[in-house]
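Quick notes on the structure that follows.
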Amino acid sequence: MADTKATLTIGDNTKDYDILSGSVGPQVIDVRKLYANTGMFTYDPGFTSTASCESALTYIDGDEGILLHRGYPIEQLAEQSSFMEVSYLMLNGELPDAATLEKFTHTITRHTMVHEQLSTFYRGFRRDAHPMAILCGVVGALSSFYHDSTDINDPQQRTIASHRLIAKMPTIAAMAYKYSVGQPFVYPRNDLSYTGNFLRMTFGVPAEEYEVDPIIESAMDKIFILHADHEQNASTSTVRLAGSSGANPFACIAAGIACLWGPAHGGANEAALNMLREIGTPDRIPEYIARAKNKDDPFRLMGFGHRVYKNFDPRAKVLSKAASEVLDKLGINDPVLDTARELEQIALSDPYFIDKKLYPNVDFYSGVILSAIGFPTEMFTVLFALARTVGWVAQWNEMISDPAQKIGRPRQLYTGPSQRDYVPVAQR
Ligand code: SDX
């Protein structure tokens, strides 16, 4: 709704633009008529000051370090909820009662199997293929199996496709891991929790029973909750943009996976642990801090900094605490955790990081826990994508049902050659 107006004067052209307010957070200036009124575009590479949509899913306050999912603080959801419950909340807007949660979980559980033909897709990859490459390909291929749920204008089909994506990501992710280590795929089981099922499909083998360790199950479920959604980040914006053309949901999620893979985004968890291992011991931290500050060195502290959080990433705080708890409970003493803590302390007292408001983000500590659980670093971003599928699917559904949404088609500031005539090659 329009509260007040913003007045823009260009030469002798003065126009008012509505200022719209949300329920909480920054207001927006509605510039949808700007081009018609002025013949000009706004210019905002990286969308640092641009709201691309209206959303009721996730709210972030980067200065206060606040992250809410449908109004509930991430700290409370991480400590008290479950990934299945958060999934229901993101899709439906309210926390479910016990019977509704059981029904939802039952539905998701019974979509965890994949078509047997899908397993042949894996055979086409090299065994050493990065699992994110496999995930991109296999998830995109899902649309060739589910023609009955790609009519995006049918809410029923959108719901089935959403459930299928959330349910099958753990199976597909576990299969990618199994393929990379040369072990047989393990089928899902309906008597296990969503996260327990994933752990068994990943680490279980047909030669013996796999007992789900409740400590690991709880830590994994918390990690999934912390990665579920995050407002209009790069991969979510990719899913929305792909969805705005009417592309089927499986193709949209495959596009999101591809974007998440970048080291500036979801790929940072793999890069952060590799960096911490490369640093090795705390005495080498100053060398890397100096490199991070050196403008001529492309090196950045992976797992540090954020477009929105200019104070602290609340997810990093939860993960920092969880890292100590999980490693203690598992009786693991990983020197990488000490290096991470030392690096955080040194960086946060360095004027460069203080002035640029660079703090640990969600990717700084997650790898320490995932490594302790037994995942190779190449699987870290796959786990991020598995969890973020809930957010991508919820955002995709919200976009499709938003009457204000239309195909996304940004413009540009053109700086290329003005019109000129073709010159035949003999005259060049
Ligand atoms: C995720 O958007 C989301 O919500 C993403 C995410 C989600 O849940 O979806 O939270 C998940 O992607 C977390 C971020 C993971 N990426 C990393 O950890 C990679 C390292 N971080 C950076 O690449 C960077 O901080 C970004 C990409 C995260 C944010 O970049 P911005 O907002 O575009 O900021 P910037 O690159 O303009 O940096 C501002 C300044 C620059 O210096 P100046 O040009 O002003 O002199 O800070 C510097 C940067 O050089 N800087 C860093 C740094 N991050 C920024 N310097 C050293 N090390 C870093 N990590």
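Start at 1 and go down the list; that is how both ligands and their atoms are numbered.
- The salt bridge (charged side-chain N to carboxylate O under 4.0 Å, His left out) check on Arg240 picks up Glu398, with sequence neighbours excluded.
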Counting only pairs under 3.5 Å, give me each side-chain donor-acceptor contact of residues 371-382, with atom names and distances, residues two or more places apart or in other chains.
residue : atom : partner : partner atom : Å
Ser371  : OG   : Arg277  : NH2          : 2.9
Thr381  : OG1  : Gly266  : O            : 3.2
Thr381  : OG1  : Asn269  : OD1          : 3.0

Set out, in order, the CA-CA distance, both residues' side-chain angles and the distance that settles side-chain hydrogen bond (donor to acceptor under 3.5 Å, both in side chains) for Asp221 and Ser218, then state yes or no.
CA-CA 5 Å; Asp221 202 70; Ser218 165; over 6 Å; no
Side chains of residues 79-87: which donor-acceptor pairs under 3.5 Å do they make with residues two or more places apart or in other chains?
residue : atom : partner : partner atom : Å
Glu79   : OE2  : Lys222  : NZ           : 3.2
Ser81   : OG   : Glu85   : OE1          : 2.6
Ser82   : OG   : Glu85   : N            : 3.1
Ser87   : OG   : Phe83   : O            : 2.7

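- Between the side chains of Glu270 and His130, at least one donor N or O lies within less than 3.5 Å of an accepting N or O.
- Closer than 4.0 angstrom to ligand 1 by heavy atom are His230, Asn233, Pro263, Ala264, His265, Ala268, Ala292, Lys295, Arg300, Leu301, Met302, Gly303, Phe304, Gly305, His306, Arg307, Arg315, Tyr352, Lys356, Leu358, Asn361, Asp363, Phe384, Arg388, sorted by chain and number.
- Centroid-to-centroid, the aromatic rings of His69 and His230 stay 6.0 Å apart or farther.
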